[in-house]
Amino acid sequence: MKQSQISPDILEAYGLGEPTSVSMLESGHINGTFLVETPSQKLLFQRMNRFVFPHPQNIMKNIVAVTEFLRKKVTAKGGDPDREVLTIVNDRSGSSFYQDKEGEFWRCMLYIEDTTCEAVGQAALLREAGRAFGEFQNMLSDYPADTLFEIIPNFHNTPERYRQLEAAIEKNFSNRIEQCAAELAFAAARKADCSLLVRLQEKGVLPTRVTHNDTKLSNILFDQKTGKAVCVIDLDTVMPGLSAFDFGDSIRAAASTAEEDERDLSKVNFDLSLFEAYSEGFLSTAGKSLTKKELEVLPDGARLMTFEVGIRFLADYLNGDVYFRTAYPEHNLVRAKNQFKLVHELEENDQSMRDIIERLMQNI
Ligand code: GN1
Ligand code: MG
């Protein structure tokens with residue numbers, strides 16, 4: 001079966017007959033996502049990437065537990081859990097995932113109508129995104145973190161990510177080191193910075209929380225008519241983590257003036273007004289529950305998360321593009337250059353970011 005297809009046995013496992021349409025959605029670098037329409041419903045099927053996620057069963061246990069917890073919170077607030085929380089659809093045997101004949105793991109979710117995802121934002125959208133991710137973190141603040149599986153160990157351990165880059169340099173599997181000499185020098189100059197937040201976490205200065213860990217703008221569904229954030233999606237990496245990294249990953253992805261694979265670096269800029277809009281939304285829902293130290297390191301989270309994703313793209317480029325889905329040979333290098341341009345601008349705007357957070361916190 002081709003990677004871009006969904007076979008009839010999968011649909012049958014979910015008790016579905018002949019669909020009226022099936023389309024592959026191109027968003028995301030990791031899983032394969034399909035929209036399946038039948039006369040009575042719209043469903044999303046996802047093939048979970050077995051290379052990235054060797055234990056899909058554990059992901060589904062995490063997601064089922066977390067979404068059930070969130071449904072109760074949303075219901076208690078008077079919200080609509082079918083719209084504001086992802087709904088996992090079980091297969092006919094009652095399982096939250098299905099393994100097909102080829103050994104691939106699939107899951108099925110309800111499609112949430114009249115919503116859209118955005119990759120790059122405007123201020124109003126970012127305020128909403130910040131509010132939604134802040135609220136997500138808030139709702140999970142009393143979730144017992146130690147009951148969750150750590151889906152990808154060391155996922156946001158920046159010094160460990162740096163060691164992975166060093167291993168990729170050492171191997172030089174794809175023989176591409178010369179093409180990225182400037183980027184490797186940029187990374188090397190920031191090696192010491194990598195440990196900043198992880199060290200504070202190890203010392204207990206920063207608390208470990210239940211975090212989303214992939215907070216890009218496209219992981220929120222917005223209401224098509226009102227522009228309000230409806231639902232946080234892509235819960236694959238919900239696990240214990242740092243608030244600064246969830247905040248930082250959003251800034252990386254959404255306070256840039258271009259998408260993360262824009263080649264023309266003159267179009268890639270850090271936009272302080274977008275940073276302010278996101279921060280305003282985020283602090284309005286998460287601000288009160290964050291410690292003074294957590295607030296203080298939010299700008300560090302933005303810089304380090306951007307750097308971390310940059311070195312992951314670079315390592316994957318050196319490893320021969322085995323992790324992130326690429327559309328052309330230099331795609332990962334383009335992404336790394338793009339992220340490093342942003343790191344540079346985040347460094348230059350460090351004080352301005354701190355001033356904004358401090359000012360916004362005065363009204364919380
Ligand atoms: C991947 O799920 P997706 O494709 O949105 C990656 C994130 C990166 C992101 C960069 C499990 O996210 O960590 O920040 O690409 N997810 C995983 O766009 O590695
Ligand atoms: Mg993801």
Side-chain angles (χ1 to χ4, degrees), residues 3 24-34 44 46-56 58-60 62-63 86 105 107 109 117-121 129 133 136 148-158 160-162 164-165 168 211-221 231-242 244-256 258-263 268 301-317 319 321-327 331-343 346:
Q3 289 287 297
M24 186 175 184
L25 308 182
E26 288 299 330
S27 60
H29 303 335
I30 309 286
N31 298 317
T33 307
F34 299 82
L44 283 177
Q46 269 187 323
R47 182 185 51 237
M48 293 182 262
N49 182 318
R50 277 193 289 163
F51 171 71
V52 172
F53 301 121
H55 306 292
N58 292 352
I59 296 189
M60 294 316 293
N62 275 3
I63 294 183
L86 272 188
F105 284 86
R107 63 179 167 213
M109 290 159 284
C117 323
E118 305 285 340
V120 178
F133 277 130
F136 183 84
L148 289 173
F149 290 98
E150 195 182 3
I151 295 299
I152 303 179
N154 295 316
F155 190 54
H156 289 323
N157 182 332
T158 321
E160 179 55 32
R161 292 297 188 180
Y162 196 88
Q164 291 171 2
L165 173 64
T211 49
H212 181 280
N213 295 303
D214 189 8
T215 53
K216 51 189 190 189
L217 195 58
S218 53
N219 280 337
I220 290 186
L221 298 179
C231 185
V232 169
I233 59 170
D234 189 357
L235 306 181
D236 289 335
T237 50
V238 172
M239 56 185 166
L242 291 178
F245 283 152
D246 263 10
F247 174 85
D249 205 14
S250 293
I251 298 305
R252 166 191 90 73
S256 171
E259 298 207 23
E260 72 182 12
D261 60 355
E262 172 59 56
R263 283 166 181 273
V268 181
R303 180 185 72 255
L304 286 179
M305 227 23 241
T306 311
F307 181 65
E308 183 185 289
V309 176
I311 58 178
R312 289 175 63 197
F313 287 144
L314 196 53
D316 199 33
Y317 178 69
N319 288 333
D321 309 319
V322 289
Y323 189 95
F324 296 104
R325 202 190 331 264
T326 50
H331 206 163
N332 272 318
L333 181 59
V334 165
R335 289 171 176 148
K337 285 180 196 241
N338 175 308
Q339 297 298 289
F340 287 173
K341 167 87 189 282
L342 217 52
V343 169
L346 284 161

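Order of listing sets the numbers, starting from 1, for every ligand and every atom in it. What you see below is based on every heavy atom in this structure, not just the backbone, and it leaves out hydrogens, waters and symmetry mates.
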For [X] and [Y], which I'm curious about, is there any donor-acceptor pair between the side chains at under 3.5 Å?
X    : Y    : value
D321 : H331 : no
R335 : N338 : no
Q339 : T306 : no

Polar contact flag for [X] and ligand 1 (N/O pairs, less than 3.5 Å):
X    : answer
N213 : no
R312 : yes
D214 : yes

Hey, can you tell me if F340 and F307 have their rings parallel, tilted or perpendicular (30° and 60° cut-offs)?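 F340 vs F307 ring planes: parallel.
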Between K216, H29, R325, which one has a non-hydrogen atom sitting closest to atom 5 (O) of ligand 1? K216
Would you say that T215 contacts F245 through its side chain, given a criterion of any heavy-atom pair below 4.5 Å between the two side chains? no
Proximal atoms of ligand 1 relative to Y323 (non-hydrogen, under 4.0 Å):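 What qualifies from ligand 1 is 11 (C), 17 (C), 19 (O).
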Which atoms of ligand 1 have any heavy atom of F53 under 4.0 Å away?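 Those of ligand 1 that fall under 4.0 Å from F53 are 11 (C).
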Going by heavy atoms, is D236 under 4.0 Å from ligand 1? no
With sequence neighbours excluded, residues passing side-chain hydrogen bond (donor to acceptor under 3.5 Å, both in side chains) with N213: T211
Considering only heavy atoms, does R252 approach ligand 1 within less than 4.0 Å through its side chain, its backbone, both, or neither?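 The answer is the side chain.
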